[in-house]
Amino acid sequence: MKIDFLNELNSSQLQAVKHIDGASLVIAGAGSGKTRVLTYKIAYLLSQGISPASILALTFTNKAAKEMKERIGQLVGYQLSRYLWMGTFHAIFSRILRNEATHLGYTKNFSIYDTSDSKSLIKSIVKELQLDEKVYKPAYILGRISQAKNQLITPKAYYENADYQKYDLQNRVPRLREIYSAYAARCRQADAMDFDDLLVQTNVLFGQFPEILAKYQQNFAFILVDEYQDTNFAQYLIVKKLSEQHQRVCVVGDDAQSIYSFRGANIDNILQFQKTYQNAKIFKLEQNYRSTKNIVNAANSLIDKNSEQIRKTIFSEKNEGNRIKVSGVLTDFEEGFLVASQISELHRKKRLSYADCAVLYRTNSQSRVMEESLRKQTIPYRVYGGLSFYQRKEIKDVISYLRLVVNPHDEEALKRVINVPARGIGDTTVGKVLNTAQLQGVSAFTVLTDMLKYNLPVNAGTATKLANFRDLIQNFSDQITALNAYELANNLVKATGIIGDLHDRSAENLSRIDNIQELLKAVHEYVETKKTEGLEFAGLADFLSEVSLLTDQDNDKTEQEERVTLMTVHAAKGLEYNTVFIVGMEEDLFPSPFAETLRELEEERRLFYVALTRAEERCCISYAKSRFRNGKTNFSNPSRFLKDIEPQYVDFDTEQYYASPKPRRDWDEEVSIERNLFRKENTPSTDGERLSFSPTRKLSKISSSSDAQPIEKENLPVGCFVKHSLFGIGKVLGITKVEGCERASIDFGEKGVKSLLLKFAKLEILK
DNA sequence: TGTGGATGCCTTTTT
DNA sequence: GGCATCCACA
């Protein structure tokens, strides 16, 4: 096999690729060719004659796995690459768990509960225990359970641990341990695992069955892990166990981009790698191929302020590039306008494609204002995040039906669809069924199979309705090996009448029907794909096992569209754009007010680091003095992180505002004057017009102000005329100096006499 | 059993 | 401001 592809690597990349005996840690700085090292390393292993089936490569997203597999296929041929064990932790280990399910007391067809299933189950349990749902909030409870699971703490261990009990008592949820126990029991009863269980049960499997562990240890001669900084304890331990004998493990990651600790990711896994693997060799990839020198240096100066990190010197050999532009504006609306104007200008003047621009924000809720501004200037955009395809109600409903057919004990699926479309089985009845199931120690569906035997207290009419529903599901369950996934799904959608229920042709319903058709199409494609891979029969169970671990990031819709990208910084990790706008760079937003400890604050700083390093050539940061959030206007100061970037890499648009830790009084006065003016001008117009109105005038000035110099005192003799974007034309009455800042007193006629800071005010001198 | 107005709550989220 | 949820009522 040809291995001249290795020529495409630089020397440190090559060293990392060629080190295949023993553990190695590849610290890959942003834009340093991390994925390239991983893919080429695997290709290299294959070229050395290693069997693809003995290589395990773990990623965090399906997308990453898919892209890597594709690339490796190109390098060494698909005949080899298709046999690689490459996928997300969850996908790979759910596959292994299905094969070994019976050892653990599950069936091969166990369901996978997603987050909403888990929350719904917790809600039921909280109700059954007659606890207050306001105190025992499902999201919080699930978070705690998830934390426990990540640490591999069983319900029993949790129940018996005095520290947890104390902690929960302090947080006024003393009975959390009972909920955890009940939750685990109910999942088992339903033959279901939640996302965390996929990792927990893998650990249980490997811990309790040494011979099974040995089997996989021998099978996986090489283990590679992408984004290692994001692994949690359960994942760390799986990798450790599997590589115990041969130690041929290669992990790739960047501690500076660890931004998922809130999901249990433990940055110590990467920081302490050498302690776990004593003879581990470390490779550092320090050349950034993505960004200009200025951006790389700015990002370096930022991350340097973090205490916990693996020191490295990231450098760029690209050109110097522009400085990062930081703009301060009054409101979030202005910020939107500013960004839209800048994009528009870049598109017109520099012929920059919209697809090369991204707007990044800390929270999803910030997208709304941005979207509005972009629409106003007719700039095409696409928002990432939000509700995924698989989370949509109608899709979840159909999937739940499919799940129930494959695994009738799946309680969450049953609860979801038993009355969809409405068939007269209300909450009361469902409650009775669930209650009876609890009393009898069987699953809800089992109760339906013999309502008399289990003493279900319903009248004859209700019993008939329940029996009809049961028969519907049973009928399809019986055909599970006779019909393939598509035939079954298609028939099921027809038989349940789920589409008929959406008959009134409102736009909403039409889109729902579309979505269901889309899903059926996906099932069809799945069956066809499997056929081309030589699998004659692709059953519903197979389809479900894959689809439940899919998110819509994996949909192939990432094609080159001429659109601006809007997404959270988290979602942007791993991506790159020519021009990046980071908006909402304010205290109480970025860093998030939830970040209290130093560790959390450092994670926020890493998040900002991730944002900066997405940019190839141009990076514009903005912050607003006031922002509409949670139904009210909040005021805040520029983010402390702005000061963490060395000033030589940055151009501040509103320097003096930034420079003072607390906004100056006089500046505040000016703000309030302008604010009132805004209000006055805006009141008569309708909501829709409001935005295209006065901020436009004001900001058209700001947006082109990169070339506008602050006005010097010398250029502004008393008596000369100036034009202000808001106040109009005025006459200079005099210049005074207050606290080292020059202010001009200007008579704007009807609008009154204003005192403006020269450094700040955008004045045009009229000749 | 289904609907509507009042109430409460908000981060980030690869799986 | 917007969404989900809850209780009150038809």
Side-chain angles (χ1 to χ4, degrees), chain A residues 58-66 87-94 112-120 123 127 133-134 137-140 142-143 146 149-150 193-199 226-232 234-235 257-265 332 360-366 368-369 372 384-388 390-391 393 419 422-430 462 465 546-554 567-575 584 588-596 600 603-604 606-608 610-611 627-634 687:
Chain A
L58 298 165
T59 65
F60 277 83
T61 64
N62 293 301
K63 196 174 153 208
K66 196 173 155 193
T88 64
F89 273 91
H90 292 81
I92 294 286
F93 294 111
S94 73
I112 295 174
Y113 277 180
D114 69 15
T115 310
S116 65
D117 296 319
S118 297
K119 278 192 223 158
S120 153
K123 220 164 143 183
K127 243 183 224 159
E133 229 183 275
K134 304 244 161 61
K137 289 183 207 143
Y140 173 75
L142 180 61
S146 179
K149 285 187 174 178
N150 286 164
M193 295 198 199
D194 67 13
F195 286 140
D196 297 318
D197 283 331
L198 296 173
L199 305 175
D226 190 17
E227 307 279 17
Y228 191 71
Q229 76 281 354
D230 291 335
T231 50
N232 62 29
Q235 289 162 326
Q257 295 184 65
S258 164
I259 55 174
Y260 281 105
S261 78
F262 67 94
R263 303 192 46 153
D332 43 354
L360 308 183
Y361 34 76
R362 180 65 182 81
T363 66
N364 278 310
S365 61
Q366 288 167 259
R368 179 166 277 120
V369 182
E372 224 169 308
Y384 284 80
L387 207 56
S388 99
Y390 295 100
Q391 296 297 318
K393 184 188 175 301
N419 200 30
R423 33 173 90 87
I425 304 174
D427 287 346
T428 325
T429 308
V430 175
T462 309
K465 289 173 190 163
E546 294 200 13
V547 84
S548 45
L549 294 172
L550 235 50
T551 60
D552 66 352
Q553 303 278 319
D554 309 316
M567 59 168 83
T568 62
V569 182
H570 280 92
K573 198 176 89 170
L575 305 177
D588 295 323
L589 185 59
F590 202 169
S592 158
F594 292 84
E596 286 166 346
E600 288 167 332
E603 176 149 321
E604 294 286 319
R606 290 194 294 270
L607 191 56
F608 186 30
V610 168
R627 183 173 296 278
F628 200 79
R629 260 201 300 166
N630 301 338
K632 55 178 194 280
T633 306
N634 294 303
D687 251 359

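Order of the sequence lines sets the chain letters (A, B, ...), proteins ahead of strands, with each chain counted from 1.
- Rounded to a whole Å, the CG atom of A:Asp114 is 15 Å from the C1' atom of B:dT14.
- Looking at every heavy atom in both residues, A:Ser592 comes nearest to A:Arg362 through CB-NH2, 3.8 Å.
- Residues that satisfy the side chain to side chain contact (heavy atoms under 4.5 Å, CB included) test with A:Ala234, not counting sequence neighbours, are A:Leu152, A:Leu199, A:Asn203, A:Asn232.
- Residue-level contact check: A:Ile92 touches neither bases nor backbone, having no heavy atom under 4.0 Å from any strand.
- Residues satisfying the side chain to side chain contact (heavy atoms under 4.5 Å, CB included) criterion with A:Asp194, sequence neighbours excluded, are A:Tyr113, A:Ser118, A:Lys149, A:Tyr183, A:Asp196, A:Asp197.
- Under the rule for a side-chain hydrogen bond (donor to acceptor under 3.5 Å, both in side chains), the partners of A:Ser116 that lie at least two apart in sequence or sit in another chain are A:Asp114, A:Lys396.
- If you take NE2 of A:His90 and P of B:dT15, they are 9 Å apart, rounded to a whole angstrom.
- The aromatic rings of A:Phe60 and A:Phe89 sit tilted relative to each other, their planes meeting at an angle between 30° and 60°.
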If a protein heavy atom is under 4.0 Å from the base, mark B; if only from the sugar-phosphate, S; if neither, -; do that for nucleotides 4-13 of chain B going 5' to 3'. ------BBBB
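- If you take NZ of A:Lys63 and C1' of B:dT15, they are 15 Å apart, rounded to a whole angstrom.
- When each of A:Glu227 and A:Thr428 is assigned the nucleotide of DNA chain B bearing its nearest heavy atom, the one mapping closer to the 5' terminus is A:Thr428.
- A:Ser120 pairs by the side chain to side chain contact (heavy atoms under 4.5 Å, CB included) definition with A:Glu412, A:Lys415, not counting sequence neighbours.
- Extent of DNA chain C lying under 4.0 Å from chain A heavy atoms, first and last nucleotide in 5' to 3' order, is C:dG1 to C:dC6.
- Judged as a side-chain hydrogen bond (donor to acceptor under 3.5 Å, both in side chains), and not counting sequence neighbours, A:Thr59 has no contacts.
- Using a 4.0 Å heavy-atom cutoff across all strands shown, A:Gly574 reaches no nucleic acid atom at all.
- Shown here, B:dT11 is classed syn by the O4'-C1'-N9-C4 or O4'-C1'-N1-C2 angle, which is within 90° of 0.
- If you check every strand for non-hydrogen atoms under 4.0 Å, A:Thr59 touches nothing.
- Among the heavy atoms of the strands lying under 4.0 Å from A:Asn419 are primed sugar atoms or P, OP1, OP2 only; no base atom is included.
- Looking at residues two or more places apart in sequence or on another chain, you find a side chain to side chain contact (heavy atoms under 4.5 Å, CB included) between A:Arg423 and A:Tyr401, A:Asn419, A:Pro421, A:Ile425, A:Phe469, A:Leu472.
- Look at OH on A:Tyr390: it is 11 Å from P on B:dT15, rounded to the nearest Å.
- The distance between atom CD1 of A:Ile112 and atom P of B:dT14, rounded to the nearest whole Å, is 16 Å.
- Looking at residues two or more places apart in sequence or on another chain, you find a side-chain hydrogen bond (donor to acceptor under 3.5 Å, both in side chains) between A:Thr363 and A:Ser365, A:Gln366.
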